[in-house]
Amino acid sequence: MMSLNLAHQTGAAAAVAPAAPRTAVVAAAAGTVSAPAVAPAAAPSLQLQTQTVDPAAPAQGPDLPMAFQALVESLPEEQHPDVGGEERRKVGVPVYVMMPLDTVRKDGNGLNRRKAVEASLKALKSAGAEGIMVDVWWGIAECEGPGRYNFTGYMELMEMAKKNGLKVQAVMSFHQCGGNVGDSVTIPLPKWVLEEMDKDQDLAYTDRSGRRNYEYLSLGADAMPVLKGRTPVQCYGDFMRAFRDHFAAFMGNTIVEIQVGMGPAGELRYPSYPESNGTWRFPGIGEFQCYDRVRDDVSAIDVQYMLSSLKAAAEAVGKPEWGNAGPGDSGGYNDWPEESPFFRREGGWNTPYGEFFMSWYSQMLLEHGERILSAASGVYTGTPGVKISVKVAGIHWHYGTRSHAAELTAGYYNTRHHDGYQPIARMLARHGAVLNFTCVEMRNHEQPQDAQCRPEELVQQVAAAARESGVGLAGENALPRYDETAHDQIVTTAAEKAEEERMVAFTYLRMGPDLFQPDNWRRFAAFVKRMTESGVRDVCREQVEREAQGVAHATGSLVHEAAVALSN
């Protein structure tokens with residue numbers, strides 16, 4: 001049976017992250033249905049030389065004047081770790097706010113709308129937010145060339161967050177910005193990466209029509225030295241290491257979470273529903289992304305292009321005819337399940353071939369996640385106070401059907417008979433990572449009923465998988481919502497539960513002029529109070545509203561300044 005072995009060396013450090021044997025593929029070929037398995041091999045630690053920045057401490061000699069000693073002791077609380085606050089919030093759910101996609105200028109040398117950012121951070125702190133989330137774009141920070149990192153603009157933001165006593169969730173965004181829901185700007189992959197993709201277009205995900213997707217490097221190239229002598233996984237690891245070293249003084253006190261991007265929109269999935277150029281429209285089922293060409297010029301141990309891998313897996317189970325392509329009857333991007341022989345009620349997805357293909361397709365995604373998490377763990381293990389997280393997409397449309405077609409094309413082998421989220425949660429558990437999930441604000445009745453959308457049941461399933469695997473679950477809203485109905489749903493889903501079932505954090509999408517409109521801001525302040533104080537004190541809704549009104553009044557000038565600056 002074919003197994004992918006990843007061995008890469010970066011400088012003097014070497015890491016080996018062997019992929020699992022595809023036991024699920026064999027089981028499927030035998031006519032059984034089982035969860036894709038990933039061998040729980042521990043990733044060896046990278047021996048790294050870490051540059052530690054030790055911020056100079058103020059002299060505290062015995063002859064220090066008493067007045068100056070008192071001044072030092074009376075510094076604002078946000079200059080020191082808020083240990084008491086952390087203890088008080090153990091039973092609440094901390095709220096972070098996503099920064100605008102273009103917070104840092106495209107040249108990387110500073111912030112866009114610096115005045116707006118400064119006013120916004122002060123307002124968020126006053127409302128009780130725990131911190132912010134920001135995309136650290138690969139296409140900005142390493143755009144000049146391999147290994148040439150520019151974090152200047154991000155340093156300015158980290159310093160500003162620290163000054164205001166806010167924590168930071170930093171997203172290692174190895175994907176393109178543009179082409180997905182909510183993308184208001186375009187930030188492509190680094191130019192030198194795109195040049196290599198132009199030379200070998202099989203480095204891009206490919207659909208059945210041969211359409212290439214440049215949002216994210218294909219996982220089929222993970223272990224191949226195609227980027228100026230480095231593999232994509234090496235590039236990701238080097239980038240994360242450079243970020244850690246550059247922000248050593250902020251790690252664990254300001255930067256408390258590293259979310260590792262693993263696909264389009266930063267999510268662990270295939271680009272099966274791209275919105276760019278009108279390719280896909282909600283609620284289409286999407287398409288499988290495994291149609292690069294078969295490569296016979298390189299040995300199978302060195303190459304993992306998608307079709308080459310599928311061919312080898314099919315031969316390993318004695319069904320070579322299954323390895324020529326993906327399902328030929330799976331429909332198009334904007335079809336519905338019943339329009340496709342593969343996805344209809346008793347379609348090909350529920351046959352031995354369908355089980356084989358979906359086991360292989362989802363297993364490739366799991367192995368991709370395993371490789372990148374091994375690299376991330378090698379970088380951030382041993383960094384106190386910093387968690388790793390991974391984002392999983394909330395694909396809620398057609399969830400009520402038997403095949404769950406839209407989830408299948410995205411790489412989640414989740415059907416009426418097969419749990420697609422437990423294998424992901426177990427993989428994250430092996431690395432101590434948090435599972436970040438979207439669509440927490442949605443209710444079933446708000447969605448198109450003919451598309452059998454079931455966001456509430458989907459969130460429940462993912463929460464159960466996380467709980468059973470011992471993984472922390474964090475949440476996001478999939479779409480911008482500023483109304484109390486959405487807030488109520490988030491509070492109910494994330495916070496108003498038994499302590500062991502609460503989410504570990506919630507990230508609110510997104511900072512912008514709409515958030516700082518007076519009514520929206522007042523509702524947001526009330527929402528933050530309800531989330532962070534759930535289980536801490538029992539207060540009536542009216543009292544929360546009164547307190548939120550007080551926050552809105554006290555921050556009125558800041559909020560107005562932020563709204564005006566962000567609108568420009």
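The structure displayed is predicted, hence computed values, not measured ones.
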Show the nearest heavy-atom pair for residues [X] and [Y], with the distance to one decimal.
X      : Y      : value
Asn109 : Thr152 : O-CG2, 3.6 Å
Val104 : Ile140 : O-CD1, 3.9 Å
Pro264 : His175 : CA-CB, 4.3 Å
Pro513 : Leu566 : CD-CB, 3.8 Å
Cys143 : Gly139 : CB-O, 3.1 Å
Arg416 : Gly400 : NH2-O, 3.3 Å

Side-chain ion pair, [X] and [Y], N-O less than 4.0 Å:
X      : Y      : answer
Asp514 : Arg481 : no
Lys163 : Glu159 : no
Arg281 : Glu275 : no
Glu468 : Arg426 : no
Glu370 : Arg430 : yes
Arg443 : Glu456 : no
Glu156 : Arg105 : no

Using side-chain heavy atoms (C-beta onward) and a distance below 4.5 Å, is [X] in contact with [Y]?
X      : Y      : answer
Pro455 : Asn444 : yes
Lys167 : Ile255 : no
Arg510 : Leu515 : no
Ser173 : Val136 : no
Leu479 : Met442 : yes
Arg113 : Asp102 : yes
Ile424 : Tyr412 : yes
Asp488 : Arg530 : yes

Query raised in the report: Taking His398 as the fixed residue, which of Tyr273, Trp336, Phe282 is the one that meets the ring pair (Phe, Tyr, Trp, His ring centres under 6.0 Å) rule?
Result: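 So the option named by the test is Trp336.
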**Report entry** Set of residues satisfying side-chain hydrogen bond (donor to acceptor under 3.5 Å, both in side chains) with respect to Thr555, sequence neighbours excluded
**Finding:**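 For Thr555, the residues satisfying side-chain hydrogen bond (donor to acceptor under 3.5 Å, both in side chains) (neighbours in sequence not counted) are Trp521.
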Check: [Y] main-chain N/O paired with [X] side-chain donor or acceptor under 3.5 Å:
X      : Y      : value
Thr401 : His404 : yes
Thr409 : Ile285 : yes
Thr279 : Ser276 : yes
Lys115 : Ala565 : no
Trp137 : Met172 : no
Ser567 : Ala563 : yes
Gln489 : Thr485 : no
Trp397 : Gly284 : yes
Asn213 : Glu215 : yes
Glu267 : Arg269 : no

So, [X] versus [Y]: side-chain donor-acceptor pair below 3.5 Å or not?
X      : Y      : result
Asp419 : Gln461 : yes
Asn150 : Glu142 : no
His431 : Ser377 : yes

Supply the atom-to-atom distance [X] [atom1] to [Y] [atom2], rounded to the nearest 0.5 angstrom.
X      : Y      : atom1 : atom2 : value
Arg546 : Cys540 : CZ    : SG    : 5.5 Å
Glu457 : Tyr399 : CD    : OH    : 7.0 Å
Met511 : Met133 : CE    : CE    : 13.0 Å
Met427 : Ser374 : CE    : OG    : 9.5 Å
Asp135 : Ile187 : CG    : CD1   : 7.5 Å
Glu407 : His418 : CD    : NE2   : 12.5 Å

Query raised in the report: So is Arg502 actually on top of Phe506's ring, under 6.0 Å and inside 45° of the axis?
Result: no
Query raised in the report: Got a sec: does the NE2 of His445 have more than 12 other heavy atoms crowding it under 6.0 Å?
Result: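 Correct, the count exceeds 12.
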Requested in this report: Anything under 30° is parallel, anything over 60° is perpendicular, the rest tilted; go ahead and classify Phe243 against Phe151.
Outcome: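 Ring orientation, 0 to 90° scale: perpendicular.
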Query - Sub-6.0 Å ring centroid separation between Tyr216 and His368 - result: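 Judged by ring-centre distance (under 6.0 Å), Tyr216 and His368 do meet the cut-off.
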Query raised in the report: Can we call the ring centroids of Tyr508 and Tyr96 under 6.0 Å apart?
Result: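 No, ring centres 6.0 Å or more apart.
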Query raised in the report: Step by step, would you call Met503 with Thr493 a side chain to side chain contact (heavy atoms under 4.5 Å, CB included)?
Result: CA-CA 8 Å; Met503 290 188 176; Thr493 303; 4.3 Å; yes
**Report entry** Set of ring-ring contact (aromatic ring centres under 6.0 Å, His included) partners for Phe174, sequence neighbours left out
**Finding:** Trp138, Tyr236, Phe239
Query raised in the report: Given Val168 and Val134, is the side chain to side chain contact (heavy atoms under 4.5 Å, CB included) satisfied, shown in steps?
Result: CA-CA 7 Å; Val168 176; Val134 63; 4.1 Å; yes
Query raised in the report: Are Gln169 and Thr507 close enough, and set up right, to give a side chain to side chain donor-acceptor pair (under 3.5 Å), and what steps lead you there?
Result: CA-CA 9 Å; Gln169 299 169 318; Thr507 305; 2.9 Å; yes
Report task. Please step through side chain to side chain contact (heavy atoms under 4.5 Å, CB included) for the pair Leu408 and Thr415, ending with a clear verdict. Result -> CA-CA 8 Å; Leu408 296 189; Thr415 69; 3.8 Å; yes
Query - Verdict with reasoning, Leu166 to Glu130, per side chain to side chain contact (heavy atoms under 4.5 Å, CB included) - result: CA-CA 6 Å; Leu166 293 170; Glu130 183 79 358; over 6 Å; no
